[in-house]
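What you see is a predicted model, and the numbers here were worked out from it, not measured in a lab. We number each residue from 1, following the sequence as shown.
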Amino acid sequence: MNATLGDGELLPKKSLSLEDAKKIAAGAAAEARKNKWNLDIAVVDDGGHLIYFERTDGTLLASADLAIGKARTAVAFQRPTKALEDALNSGQYAILSYPNAIPLEGGLPIVVDGKIVGGIGVSGRKPSEDAQVAKAGVDAFSK
């Protein structure tokens with residue numbers, strides 16, 4: 001007889017595919033092109049591991065790491081990175097003690113059926129513009 005640890009069943013888990021990540025990034029990139037913004041776009045899975053990355057010509061070298069970091073931060077904290085930026089601006093400096101947290105607007109969790117399946121991070125413009133592009137990516141996935 002084969003027993004499972006704890007005699008429980010494995011939980012079903014939804015996850016992003018590479019095609020899903022490309023669709024999210026394409027929605028974000030379309031918004032960036034519409035506004036003539038050069039941005040870096042990263043999509044990560046629910047563990048914060050990079051699935052897809054798109055780099056636009058002319059962005060700062062730091063934008064690549066910031067985009068990936070924003071996506072990972074949105075997953076790790078299970079909220080938009082704007083919430084962390086707001087908390088930091090209100091004096092909650094403990095956020096800076098979390099390893100690799102990026103408390104800048106532009107990262108969003110990707111949610112399916114109430115569960116976080118990944119995150120998107122965008123960097124290269126003002127944080128509010130990064131967030132606008134990230135939202136377009138999430139919206140493209142939701143359609």
**OP:** Evaluate whether atom CG of Asp86 has more than 12 neighbouring non-hydrogen atoms of other residues, nucleotides or ligands under 6.0 angstrom away.
**Re:** yes

Original post:
Distance from Asp46 atom CG to Gln78 atom CD, nearest 0.5 Å?
Top reply: 10.0 Å

Subject >> Nearest-0.5 Å distance, CZ of residue Arg125 to CG of residue Asp40 >> reply: 13.0 Å

Original post:
Is there a path of hydrophobic side-chain contacts, each under 4.5 Å between heavy atoms of I, L, V, M, F, W or Y residues, that connects Ile120 with Val117?
Top reply: yes

Original post:
With the 4.5 Å side-chain cut-off for hydrophobic clustering, are Ile51 and Val112 part of the same group?
Top reply: yes

Original post:
Ile102 and side chain to side chain contact (heavy atoms under 4.5 Å, CB included): which partner among Leu84, Ile68, Asp65, Thr73?
Top reply: Thr73

Original post:
So Ile110 and Asp20, side chain to side chain contact (heavy atoms under 4.5 Å, CB included) or not? Walk me through it.
Top reply: CA-CA 11 Å; Ile110 300 165; Asp20 294 333; over 6 Å; no

Original post:
Is the shortest heavy-atom distance from the side chain of Ser63 to the side chain of Leu39 under 4.5 Å?
Top reply: no

**OP:** Answer whether the closest heavy-atom distance between the side chains of Leu61 and Arg55 falls below 4.5 Å.
**Re:** yes

Original post:
So, do Asp130 and Lys70 sit near enough that their side-chain heavy atoms are less than 4.5 Å apart?
Top reply: yes

Subject >> All pairs passing ring-ring contact (aromatic ring centres under 6.0 Å, His included) where residues 103-143 contributes a residue, at least two apart >> reply: none

Subject >> Test item: side-chain donor near acceptor, Ser142 and Asp139, under 3.5 Å >> reply: no

Subject >> Closest approach of Ala29 to Glu54 (non-hydrogen atoms, all atoms of both residues) >> reply: CB-OE2, 3.5 Å

Original post:
Any donor and acceptor pair, going by atom type alone, linking the side chain of Asn38 with main-chain N or O of Asp57 inside 3.5 Å?
Top reply: yes

**OP:** May I ask whether Val43 and Ile116 are part of the same hydrophobic cluster, defined by side-chain heavy atoms of I, L, V, M, F, W, Y residues being less than 4.5 angstrom apart, directly or through others?
**Re:** no

Original post:
For Ala140 and Gly27, which heavy atoms make the closest approach, and how far apart are they?
Top reply: CB-CA, 3.6 Å

Original post:
Where do Gly121 and Ala71 come nearest, in terms of heavy atoms and distance?
Top reply: N-CB, 3.3 Å

**OP:** State which residue, out of Thr81, Val122, Val138, Val75, fulfils the side chain to side chain contact (heavy atoms under 4.5 Å, CB included) condition with Leu108.
**Re:** Val138

Original post:
Of the non-hydrogen atoms in Pro103 and Ala101, which two are nearest, and what is the gap between them?
Top reply: CD-O, 3.3 Å

Subject >> Distance, nearest 0.5 Å, that separates CG of Asn89 from CD of Gln92 >> reply: 10.5 Å

Original post:
Does the side chain of Leu66 come within less than 4.5 Å of Leu60's, by heavy atoms?
Top reply: no

Subject >> Minimum side-chain heavy-atom gap Glu105-Ser128 below 4.5 Å >> reply: yes

**OP:** Using the ring-ring contact (aromatic ring centres under 6.0 Å, His included) rule, collect all pairs that involve residues 71-105, keeping only residues at least two apart or in two chains.
**Re:** Phe77-Tyr98

Subject >> Within residues 12-70 or reaching into it, pairs that qualify as ring-ring contact (aromatic ring centres under 6.0 Å, His included) - sequence neighbours excluded >> reply: none

Subject >> Student check: side-chain heavy atoms of Glu31 and Asn35 closer than 4.5 Å >> reply: yes

Subject >> Heavy-atom neighbours of Leu18 CG exceed 12 at 6.0 Å >> reply: yes

**OP:** Indicate the atoms forming the closest heavy-atom contact of Ala134 with Gly106, along with that distance.
**Re:** CB-O, 3.8 Å

